[in-house]
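What you see is a predicted model; the values in this text were computed from it and never measured.
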Amino acid sequence: MSTFTRRLLAWYRRNARTLPWRNHRDPYAVWVSEIMLQQTRVETVIPYFNLWMQRFPTIKGLAEASEQDVLNLWEGLGYYSRARNLHKAAKVVIEKFNGQLPRDLDALRQLPGIGRYTVGAIASMAFSMDEPTLDGNIRRVLARVFDISVPADSSPGEKALWNLATEYLPKGKASDYNQALMDLGATICIPKNPRCLTCPLMELCEARQKEIQDQRPVLKLKKKTPHYVLAAAVMVKNGRVLLAKRPSKGLLGGMWEFPNSRVEGNPARELAKKLRSGYQLKVQRGVALGLVKHAYTHFKVTVHVFQCKLVSVTKNQNVKWVKLKDLEDFPMGKVDRQITKLLH
């Protein structure tokens, strides 16, 4: 076993974080946690994971749930395609694998929402298989320790990091090895101002020796984040409000929203026209209720919210009058949940 691996595992034995999905007997729990942890911090995930396992304690329970119930429980966690894919994959597991998460790597890869990283995490942590994995924390640790100068988010960078993760993996201890790298990246080898003086790998770290640890990992230059202006309509009648359901695919798929549209000019002037073409709704615009701002992963929005009156609606199966007191039961993105607060 290499010095790198030996020191890493020794540190992990003393400092492993206590997390609700660790040492869980059910591979399903590991699967759920890994999907939730994609692009999301551990502290944010823990309460969602606990609620999820209470509500959907088995793959069968998840498969039988409605999409609305699934999205409702996921609300606030973001990247909602993860929840939809988890739901779809549960149905596949029931149909094709007798309700048991498959141990076969190729079978795992075929499940919706499971890519190379998740396959490695599930295989090592749930099934004790000798498989590496590579999340953001592991990328950062390996890029610093071995001074990887090519962008970590490029194909050559990915290949180099996967090769390193595989090369140093100790047979029979992949679960501890992968989780040790994750914990080290999350608690010590953090993105900014890494805590090098307390790191078990400090003497081995090539970036530290060159004093360039803050310059690793190298990432490709990001494009400027675009900003869009939207207008949204709030229509209330007899204690009910009109909501629209988003298409099942794409951003916030299957979630509910207040009818809205991106606008190029004056939001107040364009709203009625946009809702007529986008939702087949004829509305009469009223007073402005406020502004809502939000940053998504790849763009930012400013939403101008107006109180409106519905004049008529052409056949549209995706709009629904919802009691104000029932709004919490309809899964929404953060923008629309903020709009609901303007109603009180």
Taking R246 for its side chain and L251 for its backbone only, find out whether a donor-acceptor pair lies under 3.5 Å. yes
Is there a donor in the side chain of R82 and an acceptor in the side chain of Q38, or the other way round, less than 3.5 Å apart? no
Check: H294 ring centroid to Y296 ring centroid under 6.0 Å: yes
Could you check L8, T5, L134 and say which one makes a side chain to side chain contact (heavy atoms under 4.5 Å, CB included) with L181? L8
Under a 3.5 Å distance rule, please check whether R285 uses its side chain to pair with a backbone N or O of A268 as donor and acceptor. yes
Gap separating the OG1 atom of T133 from the OH atom of Y177, nearest 0.5 angstrom: 10.5 Å
Minimum side-chain heavy-atom gap M332-L243 below 4.5 Å: yes
Heavy-atom distance under 4.5 Å between the side chains of M235 and P259, does that happen here? yes
If the plane angle is over 60° it's perpendicular, under 30° parallel, otherwise tilted; pick one for H304 and F306. parallel
Group every Ile, Leu, Val, Met, Phe, Trp and Tyr by side-chain heavy-atom contacts under 4.5 Å, then state whether V313 and V234 land in the same group. no
If you measure from CD on E158 to OH on Y117, what distance do you get to the nearest 0.5 Å? 12.5 Å
R7 with E203: basic N within carboxylate O range, under 4.0 Å: yes
For the CD atom on Q209, are there more than 12 heavy atoms of other groups (residues, nucleotides or ligands in this structure) within a distance under 6.0 Å? yes
Donor-acceptor pair, E34 side chain versus T118 backbone, under 3.5 Å? no
Determine, for E95 against K91, whether the closest basic-nitrogen to carboxylate-oxygen distance falls under 4.0 angstrom. no
Using the rule that Ile, Leu, Val, Met, Phe, Trp and Tyr join whenever any side-chain heavy atoms are under 4.5 Å apart, tell me whether V32 and L111 fall into a single cluster. yes
Do the side chains of K320 and W256 get nearer than 4.5 Å, heavy atoms only? yes
Determine whether V241 and F258 make a side-chain contact, defined as any pair of heavy atoms from C-beta on separated by less than 4.5 Å. yes
Under-4.0 Å salt bridge between R17 and D183: yes
Check whether any side-chain N or O of R55 sits under 3.5 Å from a backbone N or O of D69 as a donor-acceptor pair, and report yes or no. no
Mind checking whether L71 and M53 sit in one hydrophobic cluster, side chains of I, L, V, M, F, W, Y counted as touching below 4.5 Å? yes
Main chain of D106, side chain of D104: is a donor-acceptor contact present, judged purely on distance under 3.5 Å? yes
Do S124 and N178 meet the criterion of a side-chain donor-acceptor pair at a distance under 3.5 Å? yes
What class does the angle between the rings of F299 and Y228 fall in, given that below 30° is parallel, 30 to 60° is tilted and above 60° is perpendicular? tilted
Interatomic distance, CG@L73 vs CD@Q68, rounded to 0.5 Å, equals 12.5 Å
Check: D153 side chain, K220 main-chain N or O, donor-acceptor pair, under 3.5 Å: yes
Is the backbone of L161 close enough, under 3.5 Å, to the side chain of R139 for a donor and an acceptor to pair up by distance? no
I'd like to know if the side chain of D326 reaches the main chain of V322, judged simply by a donor and an acceptor atom lying under 3.5 Å from each other, with no hydrogens or angles considered. no
Let me know which of R208, Q215, K210, Q213 forms a side-chain hydrogen bond (donor to acceptor under 3.5 Å, both in side chains) with D147. K210
Any idea which heavy atoms bring E75 and Y48 closest together, and the distance? O-OH, 2.7 Å
Are any non-hydrogen side-chain atoms of P226 and H298 less than 4.5 angstrom apart? no
Taking the side chain as everything from C-beta on, heavy atoms only, tell me whether I122 gets closer than 4.5 Å to M129. no
Using a 4.5 Å cut-off on heavy atoms from C-beta on, say whether the side chain of N260 contacts that of Y279. yes
Reported CZ-to-OG distance for the pair F127 and S175, which is rounded to 0.5 angstrom: 12.0 Å
About how many Å separate NZ of K60 and OH of Y28, when rounded to the nearest 0.5 Å? 12.5 Å
One should read off an interatomic distance between C308 SG and L275 CG, to the nearest 0.5 angstrom, of 6.5 Å
Mind checking whether D26 and I59 have side chains closer than 4.5 Å, heavy atoms only? no
Where do W162 and P132 come nearest, in terms of heavy atoms and distance? CZ3-O, 3.7 Å
